[in-house]
Amino acid sequence: MAQLIGGLGTSHIPAIGSAIHKGLQQDPYWKPFFDGFPPIQAWLKEKKPDVLVLFYNDHGLNFFLDKMPTFAVGAAPEYHNADEGWGIPTLPPFKGDLDLSWHIINTLVEKEFDIVTCQEMLVDHACSLPLKLFWPEGDCPVTVVPICINTVQFPLPKPGRVYAMGKAVGEAIQSWDSSKKVAVLASGGLSHQLDGERAGFINKAFDLQFLDSLESNPEWATQFSVHELVEKTGTQGVELLMWLAMRGALASGGGSKVRRVTGNYHIPISNTATAALVLEVA
Ligand code: DHB
Ligand code: FE
């Protein structure tokens, strides 16, 4: 069976792509953010996952307000990146993993998560930036299965439901008939609000408590409703649902014990509290 080796997390912000493109990693504004990544890159070099299951939220590129799935799973041979135009220049397509995609889809539907399947899927900065941050040089060496969670148009899924979906994805990975090594990734947040009266809102105390909970008390954030999460983390801070899905995957199949390999928290980049994290399945 496939091996689920661990979970990664990172914020995604289009300006990060622009900083990568301009080589600003050592610039005083950017350094505290980019310094979080060499330990993650080293972990990936050592552990060499073959596949990355990527929990992310689309921002109006592949899904718009007219059609908005709560959960959507990619089942495409490759995923084309379409950048918004103010981040990193568009990257070559990322290779999919059809066998794992369909195994996850079959498992999720069997477990009563009635997801949308996407045999074509454009991916935005939420997919392209983590891959570029983790593997800054050359092509990305893993195949990917993107799983999109709606954080754009209400109603949004409840945190508990997202955690359960992540857990079901973890069970799918661990029952996949393959000798491959799989890692799960959360792309999003942490606290941020891009518009409205509270634009620029960041909640460091909540973010740090949330990051701690991912290690030792993974269901902690499921006590909150989506509206409570918005109140505590900002309208876009709900992207932390991605981290909850990632942690849910690690909690599947008895693998609930995790070890924090490395972590970084920095505020702000643009309007966002950023975090980077690796949790290894113990
Ligand atoms: C920003 C943050 C995001 O999560 C995003 O998708 C776009 C922009 C920002 O802080 O600029
Ligand atoms: Fe975002």
Side-chain angles (χ1 to χ4, degrees), residues 8-22 24 27 29-34 36-37 54-65 68-72 74 79 81-91 121-134 144 146-154 156-157 159 162 185-204 206-207 210-211 226 229-246 264-277:
L8 303 133
T10 176
S11 311
H12 60 237
I13 301 166
I16 297 167
S18 164
I20 292 172
H21 182 54
K22 294 179 186 153
L24 297 179
D27 177 275
Y29 178 83
W30 288 101
K31 188 171 165 31
F33 169 76
F34 280 103
F37 291 90
L54 207 160
F55 295 104
Y56 82 108
N57 59 291
D58 181 84
H59 298 77
L61 172 72
N62 194 67
F63 307 109
F64 201 59
L65 305 182
M68 187 56 67
T70 302
F71 300 128
Y79 300 92
N81 165 225
D83 185 69
E84 299 85 349
W86 47 299
I88 201 166
T90 301
L91 297 167
M121 202 176 193
L122 284 175
V123 293
D124 66 12
H125 64 277
C127 287
S128 60
L129 290 180
L131 299 174
K132 206 63 198 162
L133 287 164
F134 295 160
V144 298
I147 301 182
C148 182
I149 301 174
N150 170 30
T151 59
V152 170
Q153 175 167 259
F154 279 79
L156 309 187
V162 170
L185 160 72
S187 169
L190 297 182
S191 61
H192 63 303
Q193 172 142 348
L194 300 180
D195 48 21
E197 275 177 23
R198 291 202 308 167
F201 176 80
I202 279 176
N203 186 346
K204 181 176 177 180
F206 185 90
D207 287 341
F210 175 65
L211 287 172
V226 160
L229 276 191
V230 168
E231 192 186 319
K232 289 176 192 305
T233 69
T235 40
Q236 281 75 35
V238 281
E239 288 183 355
L240 64 76
L241 291 176
M242 309 307 134
W243 297 66
L244 210 47
M246 175 274 281
N264 187 42
Y265 180 83
H266 173 66
I267 50 176
I269 290 294
S270 182
N271 273 320
T272 299
T274 68
L277 182 68

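Read the numbers this way: they start at 1 and go in the same order the structure lists the ligands and their atoms. When a residue number appears, it is its place in the shown sequence, counting from 1.
Checking S270, S18, P268 one by one against I13, the side chain to side chain contact (heavy atoms under 4.5 Å, CB included) holds for a single residue, S270.
One finds the SG atom of C148 at 5.0 Å from the CG atom of D58 (value rounded to the nearest 0.5 Å).
For F64, the CZ atom counts as loosely surrounded, since its 6.0 Å shell holds 12 or fewer non-hydrogen atoms of other residues, nucleotides or ligands.
A heavy-atom distance below 4.5 Å is found between the side chains of V123 and Y56.
The backbone N or O of H266 sits less than 3.5 Å from a side-chain atom of T274, completing a donor-acceptor pair.
Using cut-offs of 30° and 60° for the angle between ring planes, the F37 and F134 rings count as tilted.
Geometry note: the Fe ion (ligand 2) is the vertex, E239 OE2 and H12 NE2 are the arms, and the angle is 100° (rounded to 10 degrees).
With hydrogens and angles left out, the side-chain atoms of T151 and N57 include a donor and acceptor closer than 3.5 Å.
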Does ligand 1 have any N/O pairs with the protein under 3.5 Å, and how far apart?
residue, atom, partner, partner atom, Å
ligand 1, 4 (O), H12, O, 3.4
ligand 1, 4 (O), H12, NE2, 3.4
ligand 1, 4 (O), H192, NE2, 2.8
ligand 1, 4 (O), E239, OE1, 3.2
ligand 1, 4 (O), E239, OE2, 3.4
ligand 1, 6 (O), H59, NE2, 2.7
ligand 1, 6 (O), H125, NE2, 2.8
ligand 1, 10 (O), S270, OG, 3.2
ligand 1, 10 (O), N271, N, 3.2
ligand 1, 10 (O), T272, OG1, 2.6
ligand 1, 11 (O), S270, OG, 2.5

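Atom NE2 is the N, O or S atom of H59 at the shortest distance from the Fe ion (ligand 2).
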